[in-house]
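The block underneath contains the structure these notes are about, expressed in structure tokens.
As the structure lists them, so they are numbered: ligands from 1, and atoms in each ligand from 1. Note that the structure is predicted; figures quoted are calculated from it, not measured. Start at 1 with the first residue, then count along the sequence.
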Amino acid sequence: MKMNITCIPGDGIGPEIVTQAKKVLDKVCEVYGHEITYKDVLMGGCSIDAFGVPLTDETIEAAKSADAVLMGSIGGNTSTSPWYKLEPSKRPEAGLLGIRKALGLFANLRPAYLYPQLKEACPLKEAAAEKGFDMLIMRELTGGLYFGERYTREIEGEITACDTLIYKESEIRRIAVKAFEVARKRRKSVISVDKANVLDSSRLWRKVVNEVSEDYPDVKLEHMLVDNCAMQLVRDPAQFDVVLTENMFGDILSDEASMITGSIGMLPSASLANGSFGLYEPSHGSAPDIAGKDIANPIATVLSAAMMLRYSFNLDKEADAIEGAVRKVLEEGYRTVDLLGSAEGSSFKRVGCKEMGDLLVERIAVV
Ligand code: NAD
Ligand code: IPM
Ligand code: MN
């Protein structure tokens, strides 16, 4: 197969981790007889430095004309980087939100799976880590608080800031359908997370999700309030299969879910539009504190590339090969520093970003 991929390495550790994912993809192509053409474009802070804006029309066009987009991460230190002295619409994150909207990427799939090899890196009680977990967070990505009206202005002599959490029925329905469809291919359970005891947007969310569930009698649906969900994720993560939730809740819960897999460096994501197009990126950020040190964990990005093969190109065997390589490398005891925690100095073999990429490449084989 011939694949046209637009790459957005971005800022901070972005270029380091995308380089590893490309190496792994190239090896997959060599082994399975495919061909990838890459086009690299700027977005985020590097685009601000080059063009004065975080997202150019050229970058949007390059993304639209590709079969899929592979991204690293964007942004800098939000306290110290000069990018955060710019007005909000010119900052790196505005680029990411802009491209999600421009490409219609309303469904963000964030699978949180505890590799058995990483049990000791899981910060939960031994019993929970022993049981393991395998959940998929289905996060709505182009609505809610992120895209509602916002302002900061003086009202009655006081500076007042306002963000609006807004959802239309159709936006809820299409993400709910995605969640139920995916659940059918998994363990047939959806837990929809909201704050229906307080928010109107959540009450509408619950009503629409209930309606959609009528078309999926084979899938079990439960509703859970978001504060309880945050607690349940660390008490008993095995109870979750598909977690369906709105944009902001999904952002926060997916960082929490990433940590119980051992590290935020393990959590991939796929942001899908209708059809086969998608943008694939790790769930974590640009980690400015460790950028340029060759210590970032590239696995979330490599697993995002596997999701790209699976969701945009239907290449399941090839995606399995990447996931198999990750499993092998972990089994053999290789760890980037984020996965070591208190196990530092133990029998694990500490490796850097590039070396982890090399080890993964060596383990890509026909499955
Ligand atoms: P972050 O996810 O970048 O980092 C949080 C912590 O996790 C840091 O200590 C970092 O070193 C560590 N970490 C993250 N990824 C890692 C990896 N692959 N390997 C090892 N350690 C890793 O979050 P932050 O510090 O709050 O945000 C930094 C910047 O990233 C901000 O500008 C933020 O807006 C941006 N951001 C971008 C994306 C994205 O591009 N999708 C996502 C989240 C945050
Ligand atoms: C993510 C990030 C983004 C989000 C930021 C950088 C805008 O945190 O992809 O999880 O909040 O969606
Ligand atoms: Mn986030």
The answer, listing residues by chain and number that come under 4.0 Å of ligand 1 through any heavy atom, is Ile13, Met71, Ser73, Ile74, Gly75, Gly76, Thr78, Tyr84, Glu93, Leu96, Ile264, Gly265, Glu281, Ser283, His284, Gly285, Ser286, Ala287, Pro288, Asp289, Ile290, Ala296, Asn297, Asp338
To the nearest 0.5 Å, atom CG of Leu267 lies from atom CD1 of Ile137 at 7.0 Å
Inspect the contact between Arg100 and Glu281 and indicate whether a charged nitrogen and a carboxylate oxygen are less than 4.0 angstrom apart. yes
**Item:** Pi-cation contact, Tyr38 with Lys22 (under 6.0 Å, within 45°)
**Value:** yes
ask   = Do you see a donor-acceptor pair shorter than 3.5 Å between the side chains of Ser258 and Thr261?
value = no
protein heavy-atom neighbour closest to atom 6 (C) of ligand 2 works out as Glu93 CG, 3.7 Å
Margin query: Tell me whether the NZ or CZ atom of Arg139 lies within the 45° cone about the ring axis of Tyr146 and under 6.0 Å from its centre.
Written below: yes
Less than 4.0 angstrom from a charged side-chain N to a carboxylate O is my criterion; do Arg203 and Asp200 meet it?
yes
At under 4.0 Å between heavy atoms, what of Arg100 touches ligand 2? The answer is side chain
Checking Tyr115 against Glu331: is there a side-chain donor and acceptor pair closer than 3.5 Å? no
ring-ring contact (aromatic ring centres under 6.0 Å, His included) filter on Phe313, not counting sequence neighbours, yields none
re atom 11 (O) of ligand 2, the protein heavy-atom contact at minimum distance is Tyr146 OH, 2.6 Å
Can Arg139 be said to touch ligand 2, with heavy atoms closer than 4.0 Å? yes
The answer for which part of Met248 has a heavy atom under 4.0 Å from ligand 2 is neither
Residue set satisfying ring-ring contact (aromatic ring centres under 6.0 Å, His included) with Phe249, at least two apart, ordered chain then number -> none
Listing protein N, O or S under 2.8 Å around the Mn ion (ligand 3) gives Asp251 OD1
- prompt: For Glu281, is at least one N or O under 3.5 Å away from an N or O on ligand 2?
  reply: no
Original post:
Any side-chain donor paired with an acceptor under 3.5 Å for Ser89 and Glu87?
Top reply: yes
Heavy-atom proximity to atom 10 (O) of ligand 2 ranks first, among Ile74, Leu96, Leu97, Asp251, for Asp251
- State, yes or no, whether a side-chain contact exists between Asn77 and Tyr84 at a heavy-atom distance under 4.5 Å. no
Check: So does Glu323 pair up with Arg310, basic N to acidic O under 4.0 Å?
Finding: yes
Of Arg91, Arg110, His284, the one whose closest heavy atom lies nearest atom 1 (C) of ligand 2 is Arg110
### Asn247 versus Tyr167, side-chain donor and acceptor atoms under 3.5 Å
no
